Amino acid sequence: METFQSILAKKLSSALANAGLPDAGELTTATDPRFGDYQTNAALVLGKQPTENPRALAKKIVAHLRVDDFCETPVVAGAGFINFKLRPDAIAKKTIEVLRHAGLGVAKAKPKQRIVIDFGSPNVAKPMHVGHIRSTVLGDALARIAQFLGHEVIRDNHIGDWGMQFGMVIYGWKNLLDQRALQRNPLAEIVRVYKETNERATRDPQVREACRQELVKLQAGDKKNIDIWNECVAFSMQDFQHVFEMLDVHYDVQCGESFYHDRLPGVVERLLKSGIAEISEAAVVVFFRDNPELADKPCIIRKRDGGFNYATTDLATVDYRVKELKADAIWYVVGAPQTLHLKQIFEIARRESYAADLRHIAFGSVLGEDRKLMKTRSGENVPLRDLLEEACNRARKIVDEKNPHLGEDEKIDIAQKIGVGAVKYTDLSQYRMTDYIFSWEKMLSLHGNTAPYLQNAYVRIRSIFRKAGEPAPKIDKLILSDPAETNIAKRLCQFAEIVPQILNDFRPNILANYLFELANSFHTFYEACPVLKSEEPARSSRLVLCDLTGRVLQCGLDLLGIKVPEKM
RNA sequence: GCGCCCGUAGCUCAGCCGGAUAGAGCAACGGAUUUCUAAUCCGUAGGUCGGAGGUUCGAAUCCUCCCGGGCGCGCCA
C-alpha cells in the first residue's frame, strides 16, 4: 500500500523532472502542525548553487506539482519550504484503505532478506541478569519487526556454553559441590561453586592450574567432564527457558559456543593459509596494519597455548551462518563494550570476502538509582527472573487497587502483561545507545510515556466494544467532523510510514514514540467524541476509528513484544 | 597514551545522514469527573542544546580543540 509520504515523494520527483530540475531534497512530515502535514526542502537544497533563489525555485516546483486529488494547494513558506496539507476526504479514504489492508498499510520490504539475529545469549552456569535484558528485548523486537516487514528471520540463541569458565565449574563440581543444595536449587549451587572456585583460583596458582587441566580434559572429550558439562547446561537451560517464557521470547535455533567447537582449528588453518593471519609470539594473530582505527589492535585467534578464544568462535559462527544458514545479513545485538571486538570480526570477514551484511546493534547499560551499573544491595547482578517477578508483583498491587472485583486468574494475567510490558517498554522507548536509569516508579506509572498508558488506551477501546455488544460496523466512508477525529485518522495512516523506518538505524524507540502519540491522540478523541451515545452516521464512523486504533496499538505493541490486556 | 559512546528544561528522555520559533513525559501550578475504565483530558510555567572556534543562506545535528562522565584497547568471554 502507498502511504501519503510515498505518493508525495513520487509526485515531487516527477515535478522536479518536469521542471527540468535534478532530484533533490527530502519529503518529510511537517515539523510543526502549523505548516501542514508534510513538507519538502527541495528548493532549499537546489538553491545551494544559486542561479535562482529558493523561493522562486519553490514556486516553479509547485507549478509542476499535481497533488490536488489529495492535498490543498501546496504553499511556499519560510526560506523556500513547500508545505502540503492533506484534504480531509483524502484522509478519510486512506484510513479506510489502511483498515482493509492486511498489514495495516505497511508495505513489505524489498529485497526480502534472510537475517540471522544474534541476541540474548546468556552464559551457562550463570543466571540471566539485568545485563541480558537489553539484548533480549531489543533483539526480539527487531526480529518481530523484520519479520513483519517480510524478511525471513532466524533467531539464534548463541549461548555461552563453552570456554574457560568450565574448567572452574568442573573443578568446583568435583571438589565443592553440595548435593542437597544442588537438588534444592541447581543453578544457584552451580553458581556458588563457580564463584568460590574463581576466588580460590585467583589466590592459588595450583587451583588455577587444576581448573585448566579440567578444561583440557573437557575439550579432549573426557567422559566424566562431558557428563558434568551436560548437566550444567541442562540446569542452566531450565532457568533460561523460564525467563524466555516470561518474556515471550522464542528462538529458531540455538547454536551456542560448543556447537562451533570442532570447527575452530579449520578457521585458524584457513586464515593462516590465506595469509590473513600470521604467527606472532607463538600465537596466531590477525593484524590490521592498513586500517588506521585497528592498526594497533590485533586480534588473537589462537592462543600461545594452542587454545582458541571467542574471536575464533565468532569467526566460525559467521562462516556457519553465511554458508549453512544462507544468511544475507547477521545482526549482533550486543552491548557497546564489544564494539572493537566486532569491528575486528567484521573486518576479518570482509577480508575473507563474505558477502553478508554484518551489523553490530550496540546498546548502553542499565543503571541503578545511583547511576552506576545496576546491582543488588550486596553488589551482585540482579537476576532477570527476580526482576520480572517483582515487576509483575508491583503491577498486581496496582490492579488490586484499581480493579479489585476482577477474578484471580484474570488479575494474574493482567499483572503479567502490565509488569513485563512495562520493563520491555522502558527499554524500547529509549534510544538504544543511551544508558538508562531503572526506576520501578517510572515504568509502572499510570501517567506519561509508559506501557500501562498505552495498554490503557487499548483497554478503553475494548471496553467500548464490550458495551456495544457488536463488532465494528462495515462502512465505506468515515466522517471526520471533529479535529480529534481527523487527528487520529492521520496518525493511523502514519503507522505504515513509521514501521519501515525502524530498521534504518535499528531504533524501535521511534515506534514506541509513535504509539505513545497514537494513544495520546486516542485519549483526546475519547474525551472529545462520545462514541456509543453519538448519532449515526457518526457512531459507526467512530466505532471504526476505535477499532482501527485498537488494532494498530495491538499490532505495534506486539512488534515490541508487548501484550495487551482486555481489561486492567 | 590511543579509540568508541554519552553530555539537550529541576528530573527522565526524544530530536542528530543540516532546515522554519529545540519537543515529550515526570515533578510544580491552575482547571475538567451525573463517564464509553479519571490508569484520563485541557491549560500555565520551565532552555547560553557541556564550552570555544570553524564550514554554511541556515548547526542541537557536520568538522577541530577543550571540559566532564562511561566503556574498551594481544592470549577472559
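Since the structure is predicted, the reported quantities are computational estimates derived from the model, not experimental observations. Proteins come first, then strands; the chains are lettered A, B, ... in the order of their sequence lines, and each starts at number 1.
- Syn is the glycosidic conformation of B/G74, whose angle stays within 90° of 0.
- Of the N and O atoms on the side chains of A/Tyr310 and A/Gln338, not one donor lies less than 3.5 Å from an acceptor on the other residue.
- Residue A/Lys467 is in sugar-phosphate contact alone, with no base atom involved, counting any heavy-atom pair closer than 4.0 Å across all strands shown.
- Base contact: A/Asn41 has a heavy atom under 4.0 Å from a base atom.
- Spacing between B/C73 and B/G58 at atom P, rounded to whole Å, works out to 44 Å.
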Check your understanding: In B/S/- notation, 5' to 3', how is nucleotides 24-35 of chain B contacted by protein heavy atoms closer than 4.0 Å?
Key -> SSS--------S
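- For A/Glu410 against A/Leu406, the heavy-atom pair with the smallest separation is OE1-CD2, 3.6 Å.
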Solution key, residues 445-459 of chain A side-chain donor-acceptor pairs under 3.5 Å, sequence neighbours excluded:
{"unit_1": "A/Ser445", "atom_1": "OG", "unit_2": "A/His447", "atom_2": "N", "d": "2.9"}
{"unit_1": "A/Ser445", "atom_1": "OG", "unit_2": "A/His447", "atom_2": "O", "d": "3.1"}
{"unit_1": "A/Asn449", "atom_1": "OD1", "unit_2": "A/Tyr425", "atom_2": "OH", "d": "2.5"}
{"unit_1": "A/Thr450", "atom_1": "OG1", "unit_2": "A/Ser445", "atom_2": "O", "d": "3.0"}
{"unit_1": "A/Thr450", "atom_1": "OG1", "unit_2": "A/Tyr453", "atom_2": "N", "d": "3.3"}
{"unit_1": "A/Tyr453", "atom_1": "OH", "unit_2": "A/Asn520", "atom_2": "OD1", "d": "3.3"}
{"unit_1": "A/Tyr453", "atom_1": "OH", "unit_2": "A/His523", "atom_2": "ND1", "d": "3.1"}
{"unit_1": "A/Gln455", "atom_1": "NE2", "unit_2": "A/Lys417", "atom_2": "O", "d": "3.1"}
{"unit_1": "A/Gln455", "atom_1": "NE2", "unit_2": "A/Lys563", "atom_2": "O", "d": "2.9"}
{"unit_1": "A/Tyr458", "atom_1": "OH", "unit_2": "A/Glu566", "atom_2": "OE2", "d": "3.4"}

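- Residue A/Phe35 and nucleotide B/A20 are classified as a stacked aromatic pair, their ring centres being separated by less than 5.5 Å at an interplanar angle below 30°.
- For the C1' atoms, the distance from B/U8 to B/G47 is 8 Å, rounded to whole Å.
- Comment: A/Lys372 does not engage A/Asp370 in a salt bridge, judged by the lack of any side-chain N to carboxylate O separation of less than 4.0 angstrom.
- Side-chain N/O atoms of A/Tyr436 and A/Asp427 include a donor and acceptor closer than 3.5 Å.
- A/Gln430 contributes no side-chain N or O that forms a donor-acceptor pair with the base of B/A14 under 3.5 Å.
- Nucleic acid contact class of A/Asp314 (heavy atoms, under 4.0 Å, all strands): none.
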Tabulate protein N/O versus nucleotide N/O from nucleotides 73-77 of chain B, keeping only pairs under 3.5 Å, one per line.
{"unit_1": "B/G74", "atom_1": "O6", "unit_2": "A/Ser280", "atom_2": "OG", "d": "2.8"}
{"unit_1": "B/G74", "atom_1": "O6", "unit_2": "A/Glu281", "atom_2": "OE2", "d": "3.3"}
{"unit_1": "B/G74", "atom_1": "N1", "unit_2": "A/Glu281", "atom_2": "OE2", "d": "3.4"}
{"unit_1": "B/C75", "atom_1": "O2", "unit_2": "A/Arg304", "atom_2": "N", "d": "2.7"}
{"unit_1": "B/C75", "atom_1": "N4", "unit_2": "A/Glu281", "atom_2": "O", "d": "3.4"}
{"unit_1": "B/C75", "atom_1": "N4", "unit_2": "A/Arg304", "atom_2": "NH2", "d": "3.0"}
{"unit_1": "B/A77", "atom_1": "O3'", "unit_2": "A/Glu257", "atom_2": "OE1", "d": "3.0"}
{"unit_1": "B/A77", "atom_1": "O3'", "unit_2": "A/Glu257", "atom_2": "OE2", "d": "2.6"}
{"unit_1": "B/A77", "atom_1": "N6", "unit_2": "A/Tyr310", "atom_2": "OH", "d": "2.2"}

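- Under the 6.0 Å cut-off for aromatic ring centres, A/Phe35 and A/Phe81 do not qualify, their centroids lying 6.0 Å or more apart.
- Between A/Arg34 and B/U21 there is no side-chain N or O to OP1 or OP2 distance below 4.0 Å.
- Nucleotides B/C5 and B/C42, compared at atom P, are 39 Å apart to the nearest Å.
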Practice item. Report the secondary structure of RNA chain B in dot-bracket form, marking unpaired bases with a dot and bases paired to a different strand with |, and treating Watson-Crick or G-U pairs with both distances under 3.5 Å as paired. Key: (((((.(..((((.....[...)))).(((((.......))))).....(((((..]....)))))).)))))....
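- Considering only side-chain atoms of A/Asn83, the nucleotide from B/C4, B/A20, B/C71 that sits closest is B/A20.
- Qualifying side-chain hydrogen bond (donor to acceptor under 3.5 Å, both in side chains) partners for A/Asn513, counting only residues two or more places apart in sequence or in other chains: none.
- If you run salt bridge (Lys or Arg N to Asp or Glu O under 4.0 Å) between A/Glu380 and each of A/Lys375, A/Lys195, A/Lys126, only A/Lys195 comes through.
- Between A/Thr524 and B/U40 there is no side-chain polar atom (N or O) within less than 4.0 angstrom of OP1 or OP2.
- Rounded to whole Å, the separation between the C1' atoms of B/G68 and B/G7 comes to 8 Å.
- Between the side-chain ring of A/Tyr453 and the base of B/A39, no stacking contact exists by the 5.5 Å and 30° definition.
- Backbone-only contact: A/Ile437 has heavy atoms under 4.0 Å from sugar-phosphate atoms and none from a base.
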Let me check something: any side-chain donor-acceptor pairs from residues 21-30 of chain A under 3.5 Å, sequence neighbours excluded? List them with distances.
{"unit_1": "A/Asp23", "atom_1": "OD1", "unit_2": "A/Ser13", "atom_2": "OG", "d": "3.3"}
{"unit_1": "A/Asp23", "atom_1": "OD2", "unit_2": "A/Ser13", "atom_2": "OG", "d": "3.4"}

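- Judged by distance alone, the side chains of A/Ser236 and A/Asp239 never bring a donor and an acceptor atom under 3.5 Å apart.
- Residue A/Asp435 is classed as a sugar-phosphate contact, given heavy-atom separations below 4.0 Å to backbone atoms only.
- A gap of 15 Å separates the C1' atoms of B/A60 and B/U21, to the nearest Å.
- Separation of the P atoms belonging to B/C13 and B/G50 is 15 Å when rounded to the nearest angstrom.
- Nearest to the side-chain atoms of A/Val45 among the listed nucleotides B/G19, B/C36, B/C13 stands B/G19.
- Within the 4.0 angstrom heavy-atom criterion, no nucleotide atom of any strand lies near A/Pro452.
- A/Asp505 comes within 4.0 angstrom of no nucleic acid atom, judged by non-hydrogen atoms across all strands.
- When heavy atoms are screened at a 4.0 angstrom cut-off, A/Arg462 is found touching no nucleic acid atom at all.
- Minimum heavy-atom separation, A/Ala472 to A/Phe465: N-CE2, 3.6 Å.
- B/U40 sits 10 Å from B/U33 when the C1' atoms are compared, rounded to a whole Å.
- By the 30° and 60° cut-offs, the orientation of the rings of A/Phe438 relative to A/Trp440 is perpendicular.
- Salt bridge annotation for A/Arg321-A/Asp314: absent, with no cationic side-chain nitrogen under 4.0 angstrom from a carboxylate oxygen.
- Using C1' as the reference atom, B/U34 and B/A27 are 32 Å apart when rounded to the nearest Å.
- Dashed line: the shortest gap from a side-chain N or O of A/Tyr514 to OP1 or OP2 of B/G15 is not under 4.0 Å.
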